[in-house]
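Note that the structure is a prediction, hence the values are computed from the model and not measured. Proteins come first, then strands; the chains are lettered A, B, ... in the order of their sequence lines, and each starts at number 1.
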Number of protein chains: 2
Amino acid sequence: MKTIAIIDDDEYIGDMLEELLRKENYEVLRAYSGTEALLLLSQHRPDLVLLDLMLPGLSGEEVLTKIKDIPVIVISAKPDVEDKVKLLLGGAADYLTKPFDTKELLARIIVQLRNYKANDRRIITAGDLEIDTLSQQLSVEGVPVHLTKTEYAIIKLLIMNPSQVISKSAILDRISLDTPDCMESSLKVHMSNLRKKLRSVSDKEYIEVIWGIGYKLNEV
Amino acid sequence: MKTIAIIDDDEYIGDMLEELLRKENYEVLRAYSGTEALLLLSQHRPDLVLLDLMLPGLSGEEVLTKIKDIPVIVISAKPDVEDKVKLLLGGAADYLTKPFDTKELLARIIVQLRNYKANDRRIITAGDLEIDTLSQQLSVEGVPVHLTKTEYAIIKLLIMNPSQVISKSAILDRISLDTPDCMESSLKVHMSNLRKKLRSVSDKEYIEVIWGIGYKLNEV
DNA sequence: GAAAAAGGTAAAGAAATGGTTAAGATTTCA
DNA sequence: TGAAATCTTAACCATTTCTTTACCTTTTTC
């Protein structure tokens, strides 16, 4: 998933943009002034910036000069060609004049994003366990552990529902072991192998058995 | 000096553009129809294409799909948002509606050209791997490696998404191997050949297999 | 406490997946 | 058109992963 920072002091427009982008499955960051924007960018690294020019404090132009290596789409109420040229030459990747069509904005966002390497991570943690859904890797207390496809599917299910009891049938559904006869015996083995791998890194008992029902991940 | 191709059947506008660009010290190529454009592009490699949509013969859209890795600025009389979106998603780098201000056009040309390094090339790197999107060449630890078109498409996809698991189906989608039955066997061979070429330069294992899922580029 | 039920482990065989090679088909380019 | 490069297909092998089986331990129930 890509992250987009919206820098706009107008809360109404910002909210509208945020909703629009979230619907398209982007992660959204917000800043409401130039200084806030710089703070935000020092802490996060979005894949793209939507920058409104009318900002309190620092001007949009000043903010633009501070942004390195992230494409910036400038949004402005001024249809002035002089402004457009100045901002484009100043480093903006694109320039849209209000009012704009949201479909066009989305298309231009895609244009900008497709030029850049995706460097986002999607990490889900539960206690000392951490999975990176993009590299499909598990880390236990920071140590990467190699898992098979099925083992990864199991631990992901558990991590996404920490401290909840997951029935064996739910696990079987999710990982779709489709030999109806003898699936449970297979699951037993997968659980055993998975735990063995966790144990090779840490002594903690992450996976707890709920007798007769299923399993539960303890956030130790 | 940068070279810009103008593809426009309207001689008057074309002449105007050519004069404008020459004044700005660009080299100019001209084509007056879709087929002529393709011929021109097969012989020359401009740094940028200005493409008018109203073309006799091949449509501008068709021409666009044939142009790879050269930024295309579409110029159109149609202010239709639907068209804009279609062309932008279809690979256009920018879209200007007539009538436009020439200063804005020049600024947007600079924006497009600025993405390319001083030597006129767009370089994308991941660790010791580096691709040049213009010459479609890969360098491993600085050593150029010759790749076929398909191999290049694969390594580009991996380099643009470093450390991420790319499913085989995603790769197949991207490089459009279109014999649905036996594509995987083909992919296996491409991967094998690609790795062999990488191995001939470096001992590092850049491409990792994620068993049952796909591949991942390690930034060693 | 014994029997029954459920879960854990280890090992072996089965199945799936990926790697490699080579030959034939196709495309490209001079 | 003919030669060279590239792509596809198929066969075979190596490796990884999954399932099955047997046997063991733990928990529950009576």
Side-chain angles (χ1 to χ4, degrees), chain A residues 136-138 145-156 158 165-200 205-218, chain B residues 38-39 41-45 66 68 136-138 145-156 158 165-172 174-200 205-218:
Chain A
Q136 306 212 167
Q137 263 223 342
L138 168 75
V145 178
H146 171 81
L147 300 181
T148 70
K149 192 169 70 169
T150 308
E151 288 158 8
Y152 176 81
I154 293 172
I155 198 69
K156 183 176 172 191
L158 291 174
V165 180
I166 313 291
S167 72
K168 281 178 295 181
S169 64
I171 297 177
L172 290 169
D173 280 355
R174 201 54 97 78
I175 60 184
S176 60
L177 303 172
D178 24 28
T179 11
D181 305 335
C182 225
M183 315 186 296
E184 291 219 359
S185 63
S186 194
L187 177 59
K188 282 198 297 188
V189 178
H190 284 302
M191 294 306 301
S192 172
N193 292 335
L194 181 52
R195 295 217 254 206
K196 194 194 294 177
K197 288 181 180 177
L198 296 184
R199 237 179 284 134
S200 73
E205 273 301 319
Y206 289 101
I207 300 175
E208 186 186 336
V209 190
I210 309 302
W211 210 272
I213 300 175
Y215 297 89
K216 190 179 97 178
L217 188 72
N218 286 321
Chain B
L38 294 185
L39 184 67
L41 290 170
S42 70
Q43 292 166 342
H44 299 81
R45 219 179 155 76
K66 304 281 185 187
K68 297 280 176 218
Q136 311 222 143
Q137 265 231 337
L138 169 75
V145 178
H146 171 80
L147 299 182
T148 70
K149 203 168 66 174
T150 307
E151 288 158 8
Y152 174 79
I154 294 172
I155 198 70
K156 181 177 173 191
L158 291 174
V165 178
I166 312 292
S167 71
K168 280 179 296 180
S169 63
I171 298 178
L172 291 170
R174 212 48 105 72
I175 60 183
S176 60
L177 302 172
D178 27 25
T179 9
D181 303 336
C182 230
M183 311 185 298
E184 294 222 350
S185 63
S186 193
L187 178 59
K188 282 198 295 190
V189 178
H190 286 302
M191 294 305 303
S192 173
N193 292 335
L194 182 52
R195 296 218 251 205
K196 196 191 293 174
K197 288 181 181 177
L198 296 183
R199 237 179 284 133
S200 72
E205 274 300 319
Y206 289 102
I207 300 175
E208 186 186 335
V209 189
I210 309 302
W211 210 274
I213 300 174
Y215 297 89
K216 191 177 96 179
L217 187 73
N218 287 320

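Between the CD atom of A:Glu151 and the P atom of D:dT19 there is a distance of 11 Å, rounded to whole Å. Rounding to whole angstrom units, CD1 of residue A:Ile210 and C1' of D:dT27 are separated by 13 Å. As rounded to whole Å, 17 Å separates atom C1' of D:dT19 from atom CE of A:Met191. Spacing between atom CG of A:Leu187 and atom C1' of C:dA6 amounts to 13 Å, rounded to whole angstrom units. Distance CG (A:Leu198) to P (C:dT9): 12 Å, rounded to an integer number of Å. Per the geometry, CD belonging to A:Glu184 stands 9 Å off C1' belonging to C:dA6, to the nearest Å. For the pair B:Leu172 CG and D:dC7 C1', the interatomic distance rounds to 14 Å; values are reported in whole Å. One can place CE of B:Met183 at 13 Å from P of C:dG18, the figure rounded to the nearest angstrom.
Taken to the nearest 0.5 Å, the CD atom of B:Glu208 stands 4.5 Å off from the CD1 atom of B:Ile210. With values rounded to the nearest 0.5 angstrom, B:Ile207 atom CD1 is found 4.0 Å from B:Met191 atom CE.
You'll find that the side chain of A:Ser185 is closest to D:dT21, out of D:dT19, C:dG7, D:dT21. Closest to the A:Val189 side chain, of the nucleotides C:dA6, C:dT9, C:dA22, is C:dT9.
Under a cut-off of 6.0 angstrom, the local environment of NZ in A:Lys156 is sparse, with at most 12 non-hydrogen atoms contributed by other residues, nucleotides or ligands. Atom CZ of A:Arg174 has 12 or fewer heavy atoms from other residues, nucleotides or ligands within 6.0 Å.
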Stepwise side-chain contact (heavy atoms from CB on, under 4.5 Å) test for A:Ile154 and A:Ile166: CA-CA 10 Å; A:Ile154 293 172; A:Ile166 313 291; over 6 Å; no
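At least one side-chain heavy atom of B:Leu147 sits under 4.5 Å from a side-chain heavy atom of B:Lys197. In this structure the side chain of A:Lys188 never reaches within 4.5 angstrom of the side chain of A:Ser192, judged on heavy atoms.
Checking B:Gly212 against A:Lys196, the closest nucleotide of DNA chain C that is more toward the 5' end is the one next to A:Lys196. In terms of position along DNA chain D, the nucleotide closest to B:Asn193 lies nearer the 5' end than the nucleotide closest to the other residue of the pair B:Asn193 and A:Asn193.
Panel note: side chain A:Lys149, backbone B:Trp211; no donor-acceptor pair is recorded below 3.5 Å.
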Would you tabulate the pairs of protein nitrogen or oxygen atoms and nucleotide nitrogen or oxygen atoms of nucleotides 24-27 of chain C closer than 3.5 angstrom?
none

N/O to N/O distances under 3.5 Å, protein versus nucleotides 12-17 of chain D:
unit_1 : atom_1 : unit_2   : atom_2 : d
D:dT17 : OP1    : A:His146 : NE2    : 3.3

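The phosphate of C:dT20 (OP1 or OP2) has a side-chain N or O of B:Ser192 nearer than 4.0 angstrom.
In this model, no donor atom of one side chain and acceptor atom of the other lie less than 3.5 Å apart for A:Thr148 and A:Thr150.
Looking at heavy-atom distances under 4.0 Å, A:Tyr215 makes contact with sugar-phosphate atoms alone, never a base.
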